[in-house]
Amino acid sequence: MALNLEERLVTSRPGSLAWYQRAQRSIAGAIGHDARYVTPFTTYIERAEGAYKWDVDGNRYLDYQVGNGALLLGHAHPAVVEAVVKAAPLGLHFGNDHPLQVQWAEQIQQLVPCAELVRFTNSGTESNMLACRLARAYTGRGKILRFEGHFHGWHDDLVRGFLPPFQASPSIGVAPGALDATVMVPANDLSSVERALANDKDLAAVILEPSGASWCTVPLVPGFLQGLRDLTIRFGVLLIFDEVITGFRWAPGGAQQRFGVVPDLSTHAKIVAGGMPGAAVCGKAEIMDLLRITGDSQHDRYQRVLHYGTFNANPISAAAGLVTLKIAQSGEPQRQADAMAERLRSGLDQILARRGVAGYAYGESSTFHIYLEKPSGRKVKDREALRSIDANILKGMPGELVRALQNGFRARGVELMSYNGGMTSAAHTEAMVDETVVIFDDLVAAMVATGLVATLS
Ligand code: PLP
């Protein structure tokens, strides 16, 4: 009897399964990141190079997860590895300032339009915490306006709002009062933003992913970013771009460069540290100067923003980040990654069209998303009718379809991000993309045959 997909995964990946079972006894929740959760077990990876990674059972994957988006240049890029190997014997962590951190900050200043000054942190979550604190300190107000579906890390300040139902906290254990410190509105609706800013005089800043929620799963309408810039200036609140994904990917200077809208602050992680842990907040000098210790005891004790962090700007991350950003400066890696994603989106979309599936592929820059309807959902005659904002994450693509896509690709040697899409890197080639499209054709055929996905009525 033919094995089903999950049974096939179990049989062909005994090593991953054994590690996953062992992790149940030592790692809380058995996984290292909520988004790594996938049933029946997670994949245990042994090594990675370029656009590929290999699991502990020797299976090769064409990788569209690219280190959670951190690897614009692909895995183990020789220049980045060389920089790390050169830096490591000199000391893994000094607990002091060091020349590489200044060069790293200067490189970021050159690329990121709003980066009059830079401060290093360790993750996107930390960067967004610091940006919120800076915004509250600068304006003397307490709340942040955010958008439904946009993700800004797992900290209490901005935790509510990225998972539907958006008003409910996605976690228990959030500090009392934290949920009331954000105001949430739907994206793409400037009049809601205007109303919120007019009604609530305690708003310090507006924060968003300038790609639209979850790296453009819900794209922004043209003009929205400029509209936000105009409104925030009019109401005297700060505009923060969370460029944790878009930074150095959407363009060498991130989304702010690509769209020509310069925020007051932007937060960066992932690519900024070249695949090592590391992150940054960039911003206008007047705001960033709140971090300065002046020697005036009154000022230093009561009028500045406090920020610690043992591993801030550690030398290994600085080395990897610096060389990565130098390579990214030319725009060539972004052009290659964008072109591969465009080719992939178009190839995937053609498969869905040819097989008459109620779904479509879309995305921006070097990302792609696959949207599919489940058979018991609404009847759709026309794929174009589906291409509306309400058809995607705000409604939520059913979990069983995301899982079927992920596991279907996984069994065929392709890894997606932990959702219904992925990202390309400069290491992805046309041949790899074309191979992915052929694999997708086979996967879609299987999904149609098993009645998992809706076809056009
Ligand atoms: N902001 C965005 C847009 C992200 O995609 C992420 C992580 O994926 C974060 C913030 C949080 O970053 P980190 O995982 O480094 O804490």
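In each ligand, atom 1 is the first atom listed, and ligand 1 is the first ligand listed.
With ring centers used as reference points, F162 lies 6.0 Å or more from H150. Separation of the Y64 and F409 ring centroids does not fall under the 6.0 Å cut-off.
At a cut-off of 3.5 Å, with distance as the only test, a side-chain donor of R403 or T39 sits close to an acceptor on the other residue.
Ring geometry for Y44 versus W19: interplanar angle under 30°, hence parallel rather than tilted (30 to 60°). The aromatic rings of F248 and H268 are tilted relative to each other, their planes meeting at an angle between 30° and 60°. Using cut-offs of 30° and 60° for the angle between ring planes, the H98 and F94 rings count as perpendicular.
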What are the distances between nitrogen or oxygen atoms of ligand 1 and protein nitrogen or oxygen atoms, counting only those under 3.5 Å?
residue, atom, partner, partner atom, Å
ligand 1, 1 (N), F151, O, 3.3
ligand 1, 1 (N), D242, OD1, 3.2
ligand 1, 1 (N), D242, OD2, 2.7
ligand 1, 8 (O), K270, NZ, 2.9
ligand 1, 15 (O), G124, N, 2.8
ligand 1, 16 (O), G124, N, 3.4
ligand 1, 16 (O), T125, N, 2.8
ligand 1, 16 (O), T125, OG1, 2.7

